[in-house]
Amino acid sequence: MAHNSTKLGLITMAQHIIEGQRAHPTATGEFSWLLSGITLATKIIESNVRRAGLVDVLGDTGTVNVQGEEVQKLDEVANEAIIRCLGYRGNVGIVASEEDDEPITIKEAGPAARYIVLFVPLDRSSNIDVNVTIGTIFSILQRRGDVSGWDGPTPHVLQPGLKQVAAGYVVYGSSTVAALTTGNGVDMFTLDPEIGAYVLTRKNVKMPSDGKSYSCNEAYKATFPEGYQRYLDWAKSEEAGNYTLRYIGSLVADFHRTLLRGGVFLYPPTLKQPEGKLRLMYEANPLSFVAEQAGGAAVDGKQRIMEKQPNSLHQRTPLIIGSKQEVDRVMKFMSR
Ligand code: P6P
């Protein structure tokens, strides 16, 4: 093993993806080129996150986005970084951001328009003001082959999660970690600030099949549908035995912990948001792809998240995601 200071033993994300593509003779380097656009943008985001307070990126911009949320200065920095980095990749035809009302068409047709990238530039960015972990989420689709002509980006964007060709997230925590799936398991990469590269640190990550931990904002429990309330009451009962509650309020951070430690994350329907709060296309779908590739599960209380046919870019969904046994257990309380 080469001495750590030479770092010759390391495998970067780009190397790992290219090696993975060698297993697919039809694959071209363009997919790894696309992903390097995303990782470049997250390095720009990370450098701003790490210097928040030293550079003027804290606080809000005084504007409200399509979600009705106050746009934080870092939201704009992150959104701009991802759109610019993807715009120059030469193979991304459409980008769709949580921050923007409509998808942005970069290229309408041809090989340069092959990929569609949906993303949350900076999830729960308001947590940056109190130094709490935040994250970026991305989902990659391909243009539909069964749509002839061009009637705008929407028909190509509104595809179920099962059509994703890749998905992942970056969690800006005590270290900056990227989790990625291209449909052959989940790998994790840690950003090495000394060389500015994401280095492979966990291969073929598997979510524990169970876990006595639930992650949910119980402040809204009284307005959850009864099945969820029954599950939460059970989890606190002697019969369940020693469940813990862990909730950071950043979806990426709560999911990352659930992926590594097991347990279940729930964001049920509430009185205020009867469809749920989280967005199907660029939050639930990408994290569900990662969860399932790691052996976990993700449902909306009725059906598998990735089978849902989206009707609109920003539509919301209830989300129950985590260890297979824990998701199945929650679902049992739905049907009682
Ligand atoms: P609440 C961020 O706005 C977000 O959508 C997710 O990051 C997080 O899981 C959720 O909100 C938390 O919502 O209602 O508990 O503050």
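Since the structure is predicted, the reported quantities are computational estimates derived from the model, not experimental observations.
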Can you give me the closest heavy-atom contact between L319 and A284, atom names plus distance? CD1-CB, 4.2 Å
Before you tell me yes or no, could you show the steps for T133 and R124 under side-chain hydrogen bond (donor to acceptor under 3.5 Å, both in side chains), namely the whole-Å CA-CA distance, both residues' side-chain angles and the distance that decides it to 0.1 Å? CA-CA 9 Å; T133 298; R124 191 44 40 97; over 6 Å; no
N/O donor-acceptor pair under 3.5 Å between Q273 side chain and T270 backbone: no
Is there side-chain contact between V170 and Y198, with heavy atoms separated by less than 4.5 Å? yes
Transitively linked via ILVMFWY side-chain contacts under 4.5 Å: I137 with M306? no
Test applied, side-chain contact (heavy atoms from CB on, under 4.5 Å); reference residue, I17; option that passes from T12, L180, D187, T182: L180
At what distance, to the nearest 0.5 angstrom, does CG of L245 lie from NZ of K236? 7.5 Å
Considering only NZ, NE, NH1 and NH2 on the basic side and carboxylate oxygens on the acidic side, decide whether K43 and E46 come within less than 4.0 Å. no
Pairs satisfying ring-ring contact (aromatic ring centres under 6.0 Å, His included), at least one member in residues 157-186, at least two apart: Y169-F255, Y169-H256
Would a distance-only check, ignoring hydrogens and angles, find a side-chain to backbone donor-acceptor pair under 3.5 Å from E326 to K212? no
pair N79-F119: side-chain heavy atoms closer than 4.5 Å: yes
Just by distance, do the side chain of H314 and the backbone of D100 share a donor-acceptor pair under 3.5 Å? yes
For Q303, look at atom CD and say whether over 12 heavy atoms of other residues, nucleotides or ligands are found less than 6.0 Å away. yes
What is the ring orientation for F224 with Y220, classed by angle as parallel under 30°, tilted 30 to 60°, or perpendicular over 60°? perpendicular
Between N285 and S139, does any side-chain donor sit less than 3.5 Å from a side-chain acceptor? no
Are M331 and F333 linked, directly or through intermediate hydrophobic residues, by side-chain heavy-atom contacts shorter than 4.5 Å (ILVMFWY only)? yes
N-O pairing of K332 and D328 below 4.0 Å: no
When you measure from the side chain of S250 to the backbone of V252, do you find a donor-acceptor pair of N or O atoms at a distance under 3.5 Å? no
Which atom names give the shortest non-hydrogen contact between S32 and I18, and what distance separates them? OG-CG1, 3.7 Å
Using atom types as modelled and distance alone, determine if a side-chain donor or acceptor of D192 lies under 3.5 Å from a backbone N or O of V199. no
So Y214 and Y231, would you call those rings parallel, tilted or perpendicular, with 30° and 60° as cut-offs? perpendicular
Would you say the side-chain atoms of R246 and T258 include a donor-acceptor pair closer than 3.5 Å? no
Between K163 (side chain) and L158 (backbone), is there a donor-acceptor pair under 3.5 Å? no
Under the 3.5 angstrom rule, does the side chain of Q159 hit a backbone N or O of H156 as a donor-acceptor pair? yes
Establish, from distance only, whether the side-chain atoms of S213 and R257 form a donor-acceptor pair under 3.5 Å. no
Main-chain N/O of Q293 paired with K206 side-chain donor or acceptor, under 3.5 Å: yes
K324 and S209, any side-chain heavy atoms less than 4.5 Å apart: no
Nearest heavy-atom approach of W150 to I94 is CH2-CD1, 4.0 Å
State whether K221 and D233 are salt-bridged, where the test is any N-O pair (Lys NZ or Arg NE/NH1/NH2 against Asp/Glu carboxylate O) under 4.0 Å. yes
Interatomic spacing from CZ in R89 to CG in L35 - rounded to 0.5 Å: 10.0 Å
Kindly say whether G211 contributes a backbone atom to a donor-acceptor pair with the side chain of R261 at under 3.5 angstrom? no
Under 4.0 Å between a side-chain nitrogen and a carboxylate oxygen: does that hold for E275 and K308? no
Return the orientation label for the Y115 and F31 ring planes: parallel under 30°, perpendicular over 60°, tilted otherwise. tilted
Least distance between heavy atoms, A294 atom then L259 atom: CB-CD1, 3.5 Å
Any donor-acceptor pair under 3.5 Å from R51 side chain to S47 backbone: yes
